[in-house]
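Everything below concerns the one structure shown next.
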Amino acid sequence: EIFPDYSDALNNLGTHYHRSGQYQLAIQQFVKATELDPELYAGWVNLGGSLMAIAEFGQALEAFKKAFHLRPNDPLVNSQLAIDYFYLHDYAEAKKYFKKVLELDPVAANSPQLFLAHIALSEKNEPEAEGYIRSFLALHPNSPHAPRLRSTLETLASKSQSSSSLGQAQP
């Protein structure tokens with residue numbers, strides 16, 4: 001109310017609304033903040049996050065692209081772009097950004113290895129999926145997902161053994 005054109009304050013208010021689940025109000029604040037300051041990285045990445053929260057993936061992608069333009073080597077925006085492309089089922093683009101996240105921050109909070117493993121499995125590339133799962137487990141051996149992931153590795157290994165024995169000549 002004191003200074004309605006203060007983009008950082010609008011961004012902070014939007015963050016408050018987002019965290020309390022009021023995504024439409026958050027979006028309104030982030031839109032105002034980015035209109036006032038088109039170079040406000042946090043406003044763009046937060047706008048994209050709120051749009052993703054309400055499944056507006058196309059609009060979120062536009063916001064994330066603007067944030068990416070401002071900070072192309074920031075792990076957060078690369079991660080958000082990757083997730084958005086994943087939800088849009090554009091796996092080629094998702095892979096590109098998830099791989100960049102791995103370069104920038106291998107222990108990223110969104111676990112890019114697991115998204116990449118999921119994509120590899122959907123592409124029927126089980127060895128690649130296995131590699132990503134192993135990479136995740138090496139970094140996060142005590143993750144709550146670890147038991148299920150180890151079970152997945154066992155399943156993949158047994159499938160691999162079955163298919164390799166089928167390919168052998170029978171006496």
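Predicted model only: the values in this text are computed from it and were never measured. Position 1 is the first residue of the sequence, and the numbers go up from there.
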Q) Where do H16 and N12 land on the side chain to side chain contact (heavy atoms under 4.5 Å, CB included) test, with the steps shown first? A) CA-CA 6 Å; H16 165 75; N12 290 340; over 6 Å; no
Q: Would you check, one step at a time, whether the test side chain to side chain contact (heavy atoms under 4.5 Å, CB included) holds for L149 with Y132?
A: CA-CA 11 Å; L149 293 170; Y132 286 124; over 6 Å; no
Q: Carefully, step by step, assess L102 and L116 under the rule side chain to side chain contact (heavy atoms under 4.5 Å, CB included).
A: CA-CA 10 Å; L102 286 178; L116 287 163; 3.5 Å; yes
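Looking only at side-chain heavy atoms (C-beta outward), N110 and P112 come within less than 4.5 Å of each other. The shortest distance between side-chain heavy atoms of E130 and I133 does not fall below 4.5 Å. Side-chain contact between L153 and R134 is present, with heavy atoms from C-beta onward closer than 4.5 Å. Taking the side chain as every heavy atom from C-beta outward, D84 and D90 never approach each other to under 4.5 Å. By the 4.5 Å heavy-atom criterion applied to side chains, Q28 and Q22 are not counted as neighbours. Looking at heavy atoms from C-beta onward, I54 lies in side-chain contact with I27 at the 4.5 angstrom threshold. Taking the side chain as every heavy atom from C-beta outward, L139 and Q113 approach each other to under 4.5 Å.
Residues passing the side chain to side chain contact (heavy atoms under 4.5 Å, CB included) test with E39 are D37, L70, sequence neighbours excluded. Under the side chain to side chain donor-acceptor pair (under 3.5 Å) criterion, N11 pairs with N46, sequence neighbours left out. Shown here are the side chain to side chain donor-acceptor pair (under 3.5 Å) partners of K96, two or more places apart in sequence or in another chain: E93. Qualifying side chain to side chain donor-acceptor pair (under 3.5 Å) partners for E128, counting only residues two or more places apart in sequence or in other chains: N125. The side chain to side chain donor-acceptor pair (under 3.5 Å) test applied to R150 returns no partner, not counting sequence neighbours. Residues passing the ring pair (Phe, Tyr, Trp, His ring centres under 6.0 Å) test with F115 are F86, F98, sequence neighbours excluded.
Pairs passing the ring-ring contact (aromatic ring centres under 6.0 Å, His included) check and including a residue from residues 21-43, sequence neighbours excluded, read H18-Y23. The stretch residues 43-63 participates, sequence neighbours left out, in these ring-ring contact (aromatic ring centres under 6.0 Å, His included) pairs: F57-Y87. Within the structure, the ring-ring contact (aromatic ring centres under 6.0 Å, His included) test picks out the following pairs touching residues 58-79 (sequence neighbours left out): F68-Y97. Every pair tested for salt bridge (charged side-chain N to carboxylate O under 4.0 Å, His left out) that includes a residue from residues 98-109 fails, sequence neighbours excluded, so the list is empty.
When all heavy atoms are compared, the tightest approach of N78 to P72 is ND2-O, 3.0 Å. Nearest heavy-atom pair across A146 and P141 is CB-O, 3.5 Å. Nearest heavy-atom pair, A94 versus Y85, reported as atom, atom and distance to 0.1 Å: N-CB, 3.6 Å. Contact between L88 and G58 at its shortest, heavy atoms only, is CD2-N, 4.3 Å.
Annotation for L25: hydrophobic cluster partners, listed by chain and number, are L13, Y17 (ILVMFWY side-chain heavy atoms under 4.5 Å, direct or chained). The hydrophobic cluster analysis finds L104 isolated: no Ile, Leu, Val, Met, Phe, Trp or Tyr side chain comes under 4.5 Å of it, directly or through other members.
Ring-plane geometry between H140 and F136 is classed as tilted, the angle between the planes lying from 30 to 60 degrees on a 0 to 90 degree scale.
Remark: the backbone N or O of T155 is paired with a side-chain donor or acceptor of S158 at under 3.5 angstrom.
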